Amino acid sequence: MKKIYIMLCFCFPFLVNAQLQNIQIIPQASEIKNGIGHFTLTKSTIIVLNNAELKQEAEFLNQYLLENYGFSLKIEKSLTVKKNFLLLGLSKEQSQWIDAYKLTVLENSIEIWGDQNAGVFYGLQSLFQLMPLPPQRKISIPSCNISDYARFTWRGMHLDCSRHFFSPEFIKKYIDNLAFYKMNVFHWHLTDDQGWRIEIKKYPLLTEIGGYRNGSMIGHYRDQKFDTIRYGGYYTQEQIKEIVAYAGARHVTIVPEIEMPGHALAALAAYPQFSCTGKKLEVGKRWGVEEEVYCPSEETFAFLNEVLGEVINLFPGKYIHIGGDEVLKNIWDSSALCQQIMAKEKLQNSHELQSYFIRRIEQMVNARGRQIIGWDEILEGGLAPNAAVMSWRGIEGGIAAAKQKHFVVMTPGGYCYFDHYQGKPEQEPLAIGGFTPLEKTYSYEPIPDTLNAEEAKYILGAQGNVWTEYIYTEKQVEYMAFPRLIALAEVNWSAKNVKDYQSFYNRLNAQRPLLQYRKINFSESAFKK
Ligand code: TNX
């Protein structure tokens, strides 16, 4: 099989650059050579696998064809025809690169080779972008030869499902769109002050009580207005399992976030015994930061250990996000129990108490073979030994963590917060604030120049965050996420030397019909003059 591939490569004259033919993909590929002519994909095209492991990718391709073009193809294990085949293969040729693939389109065949299944999957995503928009009878794909690989291993998008709840169907669509743009991490923000959204069998009140609030903030924060409408919802474990499998088939890892010790009001409304005051509390209606946080007691740790156990059983990925951001320390500072714990553990102040809290949690997660990741506040009072850091208050936290040889995901507010305005505020729906237009997101460089080459290796990649205090509907999630998500996909995937805003803008502009076809409610703000 490999021989045939090499032969085909040599006898076919590929032209030099991508500008000549319409090979426009996002994120930009590292190398594109144009060919002459087209491959026409028909109902009698045969999918050939050089490795049985690729069956999953072949089925994904068939599913895509069926949903979009109304037919699927026969899958064979060996090459029995000379033309009209689409070969999927595994090869070690590009194994030094992340998620690499080679896509070769000739008049008689298409070949996609990857180092692993993920590479083949990404080759397919590129292929999909080269196909004419459905419902096209003739699926003709321009000849080309693309060699491509990812720049970063963590190509992430987050979604806050606590402040507003989004349906399992929407979560799947969101994941599908991430994968389409070669992103591979979905950070699922499942708990916060305003709602607990994941079923935990051992503690049913988390969702029965914590899953619903008796009103929400309306309009600007400064107006302090509220409605009295009961709002909520949660994902059952069965729904989560289905979503995890759906993501897995698209090479997307889900990182669940269970917030602690702060942003925990919904949990504390259900189980007030885990706060230091024991007060009866209500699930949050107001956005912002709450005083009530988990108490660092043995009872709380036992509770969180059980919760994390169930979470870990549902999510197979390496990382569990444990929050760690915006923890007000007033209650800890005035709690007798906290003073006792601090004396016993020889902790100097409440920052060190927070660090102690996170270290205890890390032990629970590590004991189950997983790693924790937390917001950059977990640096305060000392990082837990194996923790990864998500740098959101700028890039300093990320720099500090990388210098301490801890892994880092960069998500600085000014570039990666997609709850910010993307156009002139007077022309946009109400948002939290800020101003992060498409070009600003695109300009983001995840490796800070103050890091040396060794330290830079700790930067796993960048992530876009969609906080939903002011995002009420699924349509609005898409409006805020797109097209900035696509810009960030290119930041994460494309080699630095092929990154160019004008080129991106033109490719994105050309893809607007595709976004419409995919029913993505993207913002047009970047196209307004
Ligand atoms: C800060 S980012 C928060 C969130 C808010 C967000 C709004 C982070 C770790 N914490 O709780 O939703 O700002 O932009």
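All values derive from a computational prediction rather than experimental measurement. Start at 1 and go down the list; that is how both ligands and their atoms are numbered. Keep in mind that the numbers below use all heavy atoms, side chains included, and drop hydrogens, waters and symmetry copies.
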Would you mind listing which atoms of ligand 1 come within a distance below 4.0 Å of any non-hydrogen atom of Arg163? 5 (C), 11 (O), 12 (O)
Just by modelled atom types, is the Gln194 backbone N or O under 3.5 Å from a matching donor or acceptor in the Asp192 side chain? no
Report yes if Asp419 has an N/O atom closer than 3.5 Å to an N/O atom of ligand 1; otherwise report no. yes
Non-hydrogen atoms of Glu377 versus ligand 1: any pair closer than 4.0 Å? no
Check this for me, if you would: do Lys173 and Glu474 make a salt bridge, where the nitrogen-to-carboxylate-oxygen distance has to be below 4.0 angstrom? no
Glu362 and Arg359 ion-paired at < 4.0 Å: no
What's the shortest distance from atom 12 (O) of ligand 1 to any protein heavy atom, and which residue and atom give it? Glu469 OE2, 2.6 Å
Looking only at protein heavy atoms, what sits closest to atom 2 (S) of ligand 1 is Tyr417 OH, 2.6 Å
Counting each atom of ligand 1 from 1 as listed, which ones have a heavy atom of Trp375 under 4.0 Å away? 9 (C)
Should the heavy atoms of other residues, nucleotides or ligands under 6.0 Å from CD of Glu242 be counted, would the total exceed 12? no
State plainly whether the residues Glu396 and Arg393 are in salt-bridge range, i.e. N to O under 4.0 Å. no
How far is atom 3 (C) of ligand 1 from its nearest protein heavy atom, and which residue and atom name does that atom have? Glu326 OE1, 3.5 Å
Are the charged groups of Asp99 and Arg155 less than 4.0 angstrom apart, N to O? yes
Would you mind running through ligand 1 and noting each atom that sits below 4.0 Å from a heavy atom of His263? 11 (O)
If you have a sec, work out which protein heavy atom is nearest atom 13 (O) of ligand 1 and how many Å separate them, to one decimal? Trp392 CZ3, 4.1 Å
Taking the ring centre of each residue, are His187 and Trp467 less than 6.0 Å apart? no
Quick note on ligand 1: atoms under 4.0 Å from a heavy atom of Ile432 include exactly 7 (C), 14 (O)
for atom 10 (N) of ligand 1, nearest protein heavy atom and its distance come out as Asp325 OD2, 2.8 Å
In terms of heavy-atom contacts, does NZ of Lys496 have more than 12 from other residues, nucleotides or ligands at under 6.0 Å? no
